[in-house]
Protein chains: 2
Amino acid sequence: MKDLPSINAVAELADVSIATVSRVLNKSKPVSEQTRLRVEAAVAQLGYRANPFGRSLAKAQSHLLLVLVPDFSNPFYSQIIKGIEAVTRRRGYKILIADDSNLWTDRAETLDLSYFRLVDGVISLTHLDERPELMAEMDTLPWVACSEYPSKGVVPHVSIDHRQAAVDAVQYLLNGGHKRIALITAEEDYLWAQQRREGYEIALQRAGIQVDPNLIRTANDLDYESGGQAAGSLLALPELPTAVFAMSDTLAIGVIKALRRKGKRVPEDIAVIGFDNLPLSSVFEPALTTIAQPMRELGEAAAQILLERLAGGTSESRTLAHRLVLRESA
Amino acid sequence: MKDLPSINAVAELADVSIATVSRVLNKSKPVSEQTRLRVEAAVAQLGYRANPFGRSLAKAQSHLLLVLVPDFSNPFYSQIIKGIEAVTRRRGYKILIADDSNLWTDRAETLDLSYFRLVDGVISLTHLDERPELMAEMDTLPWVACSEYPSKGVVPHVSIDHRQAAVDAVQYLLNGGHKRIALITAEEDYLWAQQRREGYEIALQRAGIQVDPNLIRTANDLDYESGGQAAGSLLALPELPTAVFAMSDTLAIGVIKALRRKGKRVPEDIAVIGFDNLPLSSVFEPALTTIAQPMRELGEAAAQILLERLAGGTSESRTLAHRLVLRESA
DNA sequence: CTGAAAGCGCTAACAA
DNA sequence: TTGTTAGCGCTTTCAG
């Protein structure tokens with residue numbers, strides 16, 4: 001394409017040394033008003049912008065951040081990333097997004113590890129246990145986990161209290177008089193899935209209700225169809241549940257559609273409660289009763305922690321508040 | 001954090017020159033079996049991975065691509081990006097995503113132009129007319145536009161035939177006997193909005209129906225509420241339309257909800273047709289009749305064109321096929 | 001306040 | 001087949 005001016009061109013035009021140009025560009029040392037103006041004029045005239053590779057090489061930092069995400073077309077994650085973006089951009093960082101989803105399906109492909117030489121830090125929304133090649137990079141760079149975090153270890157993380165949130169959801173159903181409450185869970189690789197399941201069990205036990213394994217289904221994925229399948233298998237039960245706690249709004253919607261197709265009314269015959277409070281959950285009919293996660297804030301908080309660490313600080317993990325949102329489905 | 005080994009460390013350990021190390025790393029020149037093995041052993045032992053900044057500086061290319069997107073949490077765009085990611089990752093490129101949405105609302109903020117010094121090429125999904133600071137970068141780097149493209153100029157682009165797609169949608173309604181067909185359009189900055197509107201007008205004219213400006217509403221945004229508002233104002237009309245063509249599925253859903261709230265049945269009282277075929281359009285009830293855009297393929301094609309250009313080739317613009325998807329809403 | 005020069009980690013031309 | 005060396009564009013001592 002076109003050859004771009006380098007710092008040398010600027011120095012020459014302004015009749016100063018490249019060191020001086022660097023100083024005015026970075027305000028790293030005092031420069032006399034007069035030469036500063038000359039340099040600025042030269043910069044403007046040439047349309048000069050620094051080559052980031054030269055800079056990164058010299059300073060050993062790139063102002064690039066890596067966001068590791070299981071699937072960024074999932075609205076839950078994309079909201080979080082919005083939050084991350086908003087705070088990092090303001091501080092002059094750019095984000096590199098690595099979508100991990102191909103990696104799960106396609107065992108052959110593994111995350112290109114050169115990502116980690118490129119960035120100053122990483123925010124991970126993905127599952128890390130059993131990913132030693134990723135965990136190894138935690139000695140190399142500052143990490144922060146968001147929403148999902150390694151079960152053991154010392155990575156600072158931001159998330160809601162999934163266990164308590166699940167207790168709240170199930171308690172709400174119990175308060176409504178439900179006794180046979182089904183659970184649609186996701187693959188329990190994810191820590192949040194385990195914790196929500198625990199919450200489900202705790203709430204039932206507190207109410208003196210025995211956990212019935214027949215009422216628990218594991219969805220293959222987090223999409224509508226998986227929810228529908230799980231609901232279908234629930235409908236085969238001799239005695240039906242009167243309520244369903246689905247671990248995500250997308251699952252809940254799949255469940256509701258499947259129930260309706262079989263002639264069940266929601267919430268009259270079977271109540272359904274979801275999780276996440278995605279934008280579409282208020283649009284779907286019946287509007288979803290669900291646990292709201294503060295997605296944008298999760299992302300913002302994670303970014304803030306990372307940025308502070310990058311600045312030499314040492315911020316800690318945070319737990320943000322969830323909220324029970326009452327609508328029509330339960 | 002931790003100091004990472006450089007190419008020097010490898011060279012020393014393998015007892016060769018750094019040039020040789022570089023050669024085995026890049027397979028750029030023949031190296032004897034024996035020394036190659038020594039180098040590889042050293043690399044493995046040290047866990048060496050090349051510093052991308054050194055490499056980029058020397059080769060003047062980064063294997064980074066920029067994706068400019070109006071709002072990546074919009075499922076339409078995130079599907080496209082999935083397509084882009086899939087093909088670029090396979091070729092060893094990483095993508096940097098710049099979300100333009102803050103820029104529209106927040107006039108103060110403007111896209112950090114240093115993005116363009118960092119990447120080898122750019123794929124733009126965003127509106128470029130009236131963005132001279134962006135257009136200027138087209139002389140600097142290879143660009144390809146996807147879905148949206150500059151009205152004039154020479155950027156290769158990938159999209160569907162929006163005009164024809166709109167004709168198809170409206171024709172379908174006409175075939176169903178509709179004569180009063182409303183249009184919910186979006187801000188017509190976007191070329192696709194203009195073209196779809198043209199398609200709407202063409203189809204009506206061909207049917208000998210006069211375009212009635214009273215039946216046309218411009219939504220403020222592409223979200224549910226905007227669709228609802230537009231529908232609300234349509235309902236104030238003395239004579240109601242019998243069908244609505246909404247320029248996106250999200251608008252269509254907003255429209256349907258607003259109509260229902262006013263006691264109108266869809267499609268019996270008013271038929272509604274959408275555009276895009278987002279995943280949720282088949283889940284919503286009534287399931288949306290809509291024009292399907294091949295989102296993933298759009299992204300893949302755009303990425304292929306860019307990659308070929310980067311490789312010295314000269315691929316051209318492509319128009320992909322759309323598809324009318326008949327479901328329940330019209 | 002300014003300039004010369006070393007060095008960041010790598011590639012590639014040139015020599016051997 | 002291998003090594004030496006000159007950059008790539010920038011930041012940062014170190015002198016002055």
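Each chain gets a letter, A, B and so on, in the order its sequence line appears, and its residues count up from 1.
Between B/Ser17 and the phosphate of D/dT4, there is no side-chain N or O to OP1/OP2 separation shorter than 4.0 Å. A sub-4.0 Å separation between OP1 or OP2 of C/dT11 and a side-chain N or O of B/Asn26 is present. Checking the phosphate oxygens (OP1, OP2) of C/dC8, no side-chain nitrogen or oxygen of B/Ser6 falls inside 4.0 Å. The phosphate of D/dT2 (OP1 or OP2) has a side-chain N or O of B/Thr35 nearer than 4.0 angstrom. For A/Arg55, a side-chain nitrogen or oxygen approaches OP1 or OP2 of D/dT11 to under 4.0 Å.
Donor-acceptor pairing under 3.5 Å, judged by distance alone, is present between the side chain of A/Arg23 and the base of C/dG3.
With salt bridges taken as basic N to acidic carboxylate O contacts below 4.0 Å, one links B/Arg117 and B/Glu137. Taking the charged nitrogens against the carboxylate oxygens, B/Asp112 and A/Arg49 have no contact shorter than 4.0 Å, which rules out a salt bridge. The pair B/Glu133-B/Arg131 counts as a salt bridge, with a side-chain nitrogen and a carboxylate oxygen less than 4.0 angstrom apart. By the 4.0 Å N-to-carboxylate-O rule, B/Lys82 lies close enough to A/Asp71 to be salt-bridged with it.
Taking atom NZ of A/Lys27 as the reference point, atom C1' of C/dC1 lies 17 Å away to the nearest angstrom. The CG-P distance, from B/Leu118 to D/dG9, rounds to 15 Å in whole Å. Atom P of nucleotide C/dT11 and atom CG of A/Leu57 are separated by 12 Å, given to the nearest angstrom. A/Ile7 places its CD1 atom 18 Å from the P atom of D/dG7, with the value rounded to the nearest Å. With rounding to whole Å, B/Glu12 atom CD is found 15 Å from C/dG9 atom C1'. Rounding to whole angstrom units, NZ of residue A/Lys29 and P of D/dC14 are separated by 10 Å. Separating the CD atom of B/Gln61 from the P atom of C/dG9 is a distance of 21 Å, rounded to the nearest angstrom. Separating the CD atom of A/Gln34 from the P atom of C/dC1 is a distance of 12 Å, rounded to the nearest angstrom.
Here A/Ala60 lies out of heavy-atom contact (under 4.0 Å) with every strand. At the heavy-atom level, A/Ser56 lies nowhere under 4.0 Å from the strands shown. When heavy atoms are screened at a 4.0 angstrom cut-off, B/Leu25 is found touching no nucleic acid atom at all. Among the protein residues, B/Val16 comes within range of the sugar-phosphate backbone only, with heavy atoms under 4.0 Å from sugar or phosphate atoms but none that close to a base.
When each of D/dT12, D/dT13, C/dC10 is scored by its nearest atom to the side-chain atoms of A/Lys59, the top-ranked nucleotide is D/dT12. Taking the side chain of B/Ala19 as heavy atoms from C-beta on, and the options C/dC1, C/dT11, D/dT4, the nearest nucleotide is D/dT4. Of the listed nucleotides (D/dT1, D/dG9, D/dT2), D/dT2 has the atom at the smallest distance from the side chain of B/Val31. Taking every side-chain heavy atom of B/Thr20 into account, D/dT2 is the closest of C/dC1, D/dT2, C/dT11. Taking every side-chain heavy atom of A/Tyr48 into account, D/dC10 is the closest of D/dC10, D/dT5, C/dC8. Taking only side-chain atoms of B/Ala58, from C-beta outward, the nucleotide of C/dC1, C/dT11, C/dC8 with the closest atom is C/dT11.
Between A/His162 and A/Trp192, the ring-plane angle classifies as tilted under the 30° and 60° cut-offs. The aromatic rings of B/Phe53 and A/Phe53 are tilted relative to each other, their planes meeting at an angle between 30° and 60°.
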